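It should be emphasised that the depicted structure is a prediction, and the values quoted were computed from it without experimental measurement. We use all heavy atoms of the structure for the numbers below, so side chains are in, but hydrogens, waters and symmetry mates are not. Just so we're on the same page: letters track the sequence lines, and every chain starts at 1.
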Number of protein chains: 2
Amino acid sequence: MSARTGRPPKISRADIVSAAHRIIDEEGVSGLTMRRLAREVGTTPMALYHHVQDKDELLQLLLDDYASGMPRPELPDGEGERIVVAAVAMRQALIGVPWTVEVLRADDLVSVHALWYPETIIDAAVRAGLTPETAVDLYRIIWHYTAGEISARAAAGRRREGGKPTYRSRLFANLDAAELPRLAALGERWEELTARDTYEKGVRAIVQGLLPMSASS
Amino acid sequence: MSARTGRPPKISRADIVSAAHRIIDEEGVSGLTMRRLAREVGTTPMALYHHVQDKDELLQLLLDDYASGMPRPELPDGEGERIVVAAVAMRQALIGVPWTVEVLRADDLVSVHALWYPETIIDAAVRAGLTPETAVDLYRIIWHYTAGEISARAAAGRRREGGKPTYRSRLFANLDAAELPRLAALGERWEELTARDTYEKGVRAIVQGLLPMSASS
DNA sequence: ACCTGAACACCGTTCAAGT
DNA sequence: ACCTGAACACCGTTCAAGT
């Protein structure tokens with residue numbers, strides 16, 4: 001039908017996106033630059049700008065692509081438990097790609113494919129007896145908690161592999177026991193205690209604190 | 001006493017830190033570059049490296065400087081309420097300087113002056129009957145929640161002033177009501193609902209969900 | 001001891017030109 | 001229509017030299 005004219009394309013958006021995924025997997029988001037990406041695809045940096053508007057659009061594309069593969073777990077009957085399961089799945093999906101949280105936070109980048117999680121959580125909350133408004137509050141509180149946990153986890157990972165002289169442990173070793181008795185008492189154990197995975201515990205606390213008694217257990 | 005020799009210094013660490021604060025206040029963290037900082041101080045970029053090891057150390061210095069001015073509110077008697085007050089104060093202190101959260105998250109940068117908050121929260125939790133281990137869990141859950149909330153808030157602010165075509169509202173306008181009924185029903189109201197400040201509500205939920213019944217109210 | 005200048009190895013993006 | 005090359009306006013940091 002349409003009169004396709006002009007030079008045939010050498011690269012496609014799909015090529016670009018998959019190359020970007022490869023780079024991120026191997027070198028992290030910080031390794032993803034337009035120039036590095038061009039090398040991976042086998043073109044010049046400027047050829048990319050013919051397929052995406054700018055780096056932000058590229059990240060959006062990447063996010064959509066990833067979100068479409070996020071798992072949707074089986075949901076249990078109880079409303080409170082359903083929220084916990086959805087939240088844990090959401091966090092699990094993000095844990096492998098912490099850069100998405102950075103991108104999500106950095107701008108108004110949301111993917112349609114990821115909306116199953118808020119939908120599920122808000123639906124369960126309403127069924128448990130909350131108003132839609134309060135259900136949105138519950139979801140947002142869980143989201144903020146999740147985003148913060150993922151970021152802290154990612155930073156901790158970087159710290160470990162960076163092998164820096166652990167400023168934190170030096171700090172904890174020299175605490176003034178008179179001013180900060182609890183922290184001083186914990187001392188050495190801080191590292192070990194903060195390594196524990198307490199995500200689900202937090203979600204359960206939030207759910208229990210916000211859902212009507214009967215539904216939260 | 002000591003034989004101070006050599007060329008007298010033109011700039012000090014204090015000069016650098018205060019100039020950095022000025023830049024951040026006016027242009028945000030992203031505006032803080034070694035070159036821009038050198039211009040503000042009135043030297044060359046390389047002169048800075050004589051006073052700080054690298055940009056990371058500079059950020060650490062900045063954080064310490066800011067943390068030393070963080071307010072320590074009057075604490076109420078009830079343990080649960082004490083935790084809420086400390087958390088709200090911590091968040092309030094960070095809200096004006098969201099870049100600190102980005103720095104804190106980005107690496108193992110903690111400041112001694114900011115440790116009053118975890119100390120207070122953990123102490124109240126232990127007094128309420130939690131084991132030290134569980135008290136640390138409670139603190140970390142609150143911290144993750146707080147960090148996530150601050151980041152989301154900072155991103156939302158950037159979004160508003162950036163005046164981008166609000167991808168999010170376009171997304172919400174075109175939702176499939178069959179697949180995402182709750183979100184579709186919320187539709188237009190999403191923007192308004194997510195603008196509400198629900199931080200304290202979240203902290204209360206976490207406290208109520210984790211403290212023994214008697215102490216949390 | 002403290003500061004400077006030139007340089008290295010990078011960024012994202014614009015602009016004008018080529019096929 | 002799609003791609004290229006050169007260029008602009010940036011980064012953090014190293015290195016050798018100046019006072």
Contact summary for B:Tyr117 and B:Ala93, nearest pair of heavy atoms: OH-CB, 4.0 Å
Produce the list of close N/O pairs, under 3.5 Å, pairing protein atoms with atoms of nucleotides 10-12 of chain D; give distances to one decimal.
{"residue": "D:dC11", "atom": "OP1", "partner": "B:Thr33", "partner atom": "OG1", "Å": "3.2"}
{"residue": "D:dC11", "atom": "N4", "partner": "B:Arg35", "partner atom": "NH2", "Å": "3.2"}
{"residue": "D:dG12", "atom": "OP1", "partner": "B:Met34", "partner atom": "N", "Å": "3.3"}
{"residue": "D:dG12", "atom": "OP1", "partner": "B:Lys55", "partner atom": "NZ", "Å": "3.1"}
{"residue": "D:dG12", "atom": "OP2", "partner": "B:Met34", "partner atom": "N", "Å": "3.0"}
{"residue": "D:dG12", "atom": "N7", "partner": "B:Arg35", "partner atom": "NH1", "Å": "2.2"}
{"residue": "D:dG12", "atom": "O6", "partner": "B:Arg35", "partner atom": "NH1", "Å": "3.0"}
{"residue": "D:dG12", "atom": "O6", "partner": "B:Arg35", "partner atom": "NH2", "Å": "3.4"}

Test side chain to side chain contact (heavy atoms under 4.5 Å, CB included) applied to A:Lys201 and B:Thr134, B:Leu138, B:Ile206, the passing residue: B:Thr134
Looking at B:Glu26, I'd like to know if its CD atom is crowded, meaning that more than 12 non-hydrogen atoms belonging to other residues, nucleotides or ligands lie closer than 6.0 Å. yes
Across all chains, not counting sequence neighbours, the salt bridge (charged side-chain N to carboxylate O under 4.0 Å, His left out) partners of B:Arg140 are none
Apply salt bridge (Lys or Arg N to Asp or Glu O under 4.0 Å) to A:Asp197 and A:Arg91, showing your working. CA-CA 12 Å; A:Asp197 183 351; A:Arg91 183 256 203 159; 2.9 Å; yes
Under 3.5 Å, side chain of A:Glu119 to main-chain N/O of B:Arg182, donor-acceptor pair present? yes
Set out, in order, the CA-CA distance, both residues' side-chain angles and the distance that settles side-chain contact (heavy atoms from CB on, under 4.5 Å) for A:Met34 and A:Tyr49, then state yes or no. CA-CA 9 Å; A:Met34 297 304 270; A:Tyr49 284 86; 3.6 Å; yes
Report the residue (A:Gln53 or B:Met46) whose heavy-atom-nearest nucleotide on DNA chain C is the more 5′ of the two. B:Met46
Salt bridge present between B:Glu133 and A:Arg196 (N-O < 4.0 angstrom): no
Which label fits A:Tyr145 and B:His144: parallel for a plane angle under 30°, tilted from 30 to 60°, or perpendicular past 60°? tilted
Using a heavy-atom distance cut-off of less than 4.0 Å, which residues of residues 10-28 of chain B contact DNA chain C? B:Lys10, B:Ile11
Minimum-distance pair of heavy atoms, taken over all atoms of A:Val112 and A:Asp64: N-OD1, 4.2 Å
For nucleotides 16-19 of chain C, which of its nitrogen or oxygen atoms have a protein nitrogen or oxygen under 3.5 Å away, and what is each distance?
{"residue": "C:dG18", "atom": "N2", "partner": "A:Arg7", "partner atom": "NH1", "Å": "2.6"}

Residue set satisfying side-chain contact (heavy atoms from CB on, under 4.5 Å) with B:Thr33, at least two apart, ordered chain then number -> B:Arg35, B:Arg36
Given B:Asp65, which partner from the list B:Arg13, B:His21, B:His113 fulfils the side-chain hydrogen bond (donor to acceptor under 3.5 Å, both in side chains) test? B:His21
Which stems, defined as runs of 3 or more consecutive Watson-Crick or G-U wobble pairs with both pairing distances under 3.5 Å, involve DNA chain C? C:4-8 with D:12-16, C:12-16 with D:4-8
So, is B:His51 close to the C:dA1 phosphate, meaning a side-chain N or O under 4.0 Å from OP1 or OP2? no
N or O in side chain of B:His50 less than 4.0 angstrom from C:dT4 OP1/OP2: no
Counting distance only, does the side-chain N/O of B:Glu57 pair as donor-acceptor with the main-chain N or O of B:Gln53 below 3.5 Å? yes
